[in-house]
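First comes the structure, then the notes that go with it.
What's counted below: heavy atoms across the whole structure, side chains too, no hydrogens, waters or symmetry copies. Computed from a predicted model, the values in this text were never measured in an experiment.
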Amino acid sequence: MAPEHAADQPPVRLIASDLDGTVLGRDFRFRPRTVAAITAARDAGIHVVFVTGRPMRWLDPLHEQLEDVGVVICSNGAVIYDPGAERVLEASLFDVSEALPVMADVAREFPDSLFAAETLERVYTDHGWSRTDRMEIRHITEAPVRESLAPGTEVVKLLAKLDGADPNRYFEHVREIVAGRLSVTHSVAAAPLVEMGQRGLTKARTLEHFAAEHGISHREVMAFGDMPNDLEMLTWAERGYAMADGHPHVVATVGRTAPAFAEDGVAQVIEAYLEHEHRVPVAREGRHV
């Protein structure tokens, strides 16, 4: 892949990458070339942080394949998590009182909608919410979510889905219903699944805060992603790359693309940068990444 030349661009000090569809395949595996590129970037003194819609309990694929997972920004920016220490470093939550009216309004418009709510300690799902093996966890309550959340509960993420619905239409309708009361996004193109977080929350907001703590500006950030929940992050970073096989709206909006996942796209971009542009090794400082 040809390098991107820009004499006035500062060196990259932070690489931020989405996981699924970007560096993880459908089998939840990294491609070997991607692991090698991430390792090379870290060896060159560049911070690498994963920024994912996954909750912190779904990070096993990282532990299994990487020697150094580093800090992970989870749940679309709601949680900054240190997997090595199994510790939440920061969390952007919202009170159940903000979730309940949203669920009521969505259910009024779409009575067959099912809901799930994630907290730092437990997951609540309506009856009938299908779960993959990844969701088979100990701390789960399967009961009507609107009745299960106690007053004062702090929510990480609220999810709504309508089996059989058109994913894009359902997302757009729910976003209109929520009307800015919570952040609304989606990360699975083929699923009628809507993800909601604290009002104003995005991957970009948390990444910007994280980078600032390390003295890193957006001009020193390279970012990769493929879905609408990555869009703000990709447009905030000076070098934001949409995966070529990503969501069409994301590809069109970002403009700059990395080759598809199956072509080791993230690895290609990192390799080209390290070979042709990386000029100043940056010592790691502050929080370990």
State whether a side-chain donor-acceptor pair under 3.5 Å links Tyr81 with Ser75.
no

Without hydrogens or angle criteria, can the side chains of Asn76 and Glu195 be said to hold a donor-acceptor pair below 3.5 Å?
yes

Which atom pair, heavy atoms only, marks the closest approach of [X] to [Y]?
{"X": "Leu114", "Y": "Asp163", "result": "CD1-OD2, 4.5 Å"}
{"X": "Ala244", "Y": "Val251", "result": "O-CG2, 4.2 Å"}
{"X": "Ser92", "Y": "Gly77", "result": "OG-O, 4.5 Å"}
{"X": "Gly152", "Y": "Val96", "result": "N-CG1, 3.7 Å"}
{"X": "Val69", "Y": "Pro83", "result": "CG1-CG, 3.9 Å"}
{"X": "Ala41", "Y": "Leu274", "result": "N-CD1, 3.8 Å"}

Between [atom1] on residue [X] and [atom2] on residue [Y], distance to nearest 0.5 Å:
{"X": "Gln198", "Y": "Leu93", "atom1": "CD", "atom2": "CG", "value": "7.0 Å"}
{"X": "Ile80", "Y": "Glu213", "atom1": "CD1", "atom2": "CD", "value": "6.5 Å"}
{"X": "Met56", "Y": "Glu86", "atom1": "CE", "atom2": "CD", "value": "10.0 Å"}
{"X": "Asn229", "Y": "Thr52", "atom1": "CG", "atom2": "OG1", "value": "8.0 Å"}
{"X": "Gln65", "Y": "Asp60", "atom1": "CD", "atom2": "CG", "value": "10.5 Å"}
{"X": "Glu232", "Y": "Thr253", "atom1": "CD", "atom2": "OG1", "value": "10.0 Å"}

Determine, stepwise, if the pair Leu231 / His249 fulfils side-chain contact (heavy atoms from CB on, under 4.5 Å).
CA-CA 9 Å; Leu231 186 54; His249 175 66; 3.8 Å; yes

With a 4.5 Å cut-off on side-chain heavy atoms, are [Y] and [X] touching?
{"X": "Met196", "Y": "Val184", "answer": "yes"}
{"X": "His186", "Y": "Pro167", "answer": "no"}
{"X": "Met103", "Y": "Val145", "answer": "yes"}
{"X": "Thr206", "Y": "Leu201", "answer": "yes"}
{"X": "Leu62", "Y": "Leu19", "answer": "yes"}
{"X": "Phe94", "Y": "Val102", "answer": "no"}
{"X": "Cys74", "Y": "Trp58", "answer": "no"}

Surrounding CZ of Arg169 (heavy atoms of other residues, nucleotides or ligands, distance under 6.0 Å), is the total greater than 12?
no

Same apolar cluster: [X] and [Y], side chain cutoff 4.5 Å:
{"X": "Val35", "Y": "Ile15", "answer": "yes"}
{"X": "Met233", "Y": "Phe261", "answer": "no"}
{"X": "Val178", "Y": "Leu193", "answer": "no"}
{"X": "Leu59", "Y": "Val156", "answer": "yes"}
{"X": "Met222", "Y": "Val72", "answer": "yes"}

How are the rings of [X] and [Y] set to each other: parallel, tilted or perpendicular (split at 30° and 60°)?
{"X": "Tyr241", "Y": "Phe224", "result": "parallel"}
{"X": "His214", "Y": "Phe210", "result": "tilted"}
{"X": "His173", "Y": "Phe110", "result": "tilted"}

Would Glu98 and Arg199 pass as an ion pair if we require N to O under 4.0 Å?
no

I'd like to know if Glu172 pairs up with Arg175 as an ion pair, taking the criterion as any Lys NZ or Arg NE/NH1/NH2 lying under 4.0 Å from an Asp or Glu carboxylate oxygen.
yes

Is a side-chain N or O of [X] found less than 3.5 angstrom from the main chain of [Y], in a donor-acceptor match?
{"X": "Arg256", "Y": "Gly240", "answer": "yes"}
{"X": "Lys203", "Y": "Ile73", "answer": "no"}
{"X": "His218", "Y": "Trp236", "answer": "yes"}
{"X": "Arg219", "Y": "Pro10", "answer": "no"}
{"X": "Thr141", "Y": "Tyr124", "answer": "no"}
{"X": "Asp126", "Y": "Phe115", "answer": "yes"}
{"X": "Asp264", "Y": "Ala267", "answer": "no"}
{"X": "Asp230", "Y": "Met227", "answer": "yes"}

Audit row: Leu14, Glu220, side-chain contact (heavy atoms from CB on, under 4.5 Å) steps and yes/no:
CA-CA 6 Å; Leu14 172 65; Glu220 300 169 297; over 6 Å; no

Among Arg54, Arg29, Arg31, which residue satisfies the side-chain contact (heavy atoms from CB on, under 4.5 Å) criterion with Leu24?
Arg54

Evaluate the salt bridge (charged side-chain N to carboxylate O under 4.0 Å, His left out) criterion for residues Arg239 and Glu277: first the C-alpha distance (whole Å), next the side-chain angles of each, then the deciding distance (0.1 Å), finally the verdict.
CA-CA 13 Å; Arg239 307 184 195 219; Glu277 295 188 66; 3.0 Å; yes

For Phe28 and Asp20, what are the C-alpha separation, side-chain angles and deciding distance, and is it a side-chain contact (heavy atoms from CB on, under 4.5 Å)?
CA-CA 7 Å; Phe28 310 133; Asp20 297 282; 3.8 Å; yes

Hey, mind stepping through Trp129 and Leu159 against side-chain contact (heavy atoms from CB on, under 4.5 Å) and telling me if it holds?
CA-CA 11 Å; Trp129 183 284; Leu159 301 102; 3.7 Å; yes

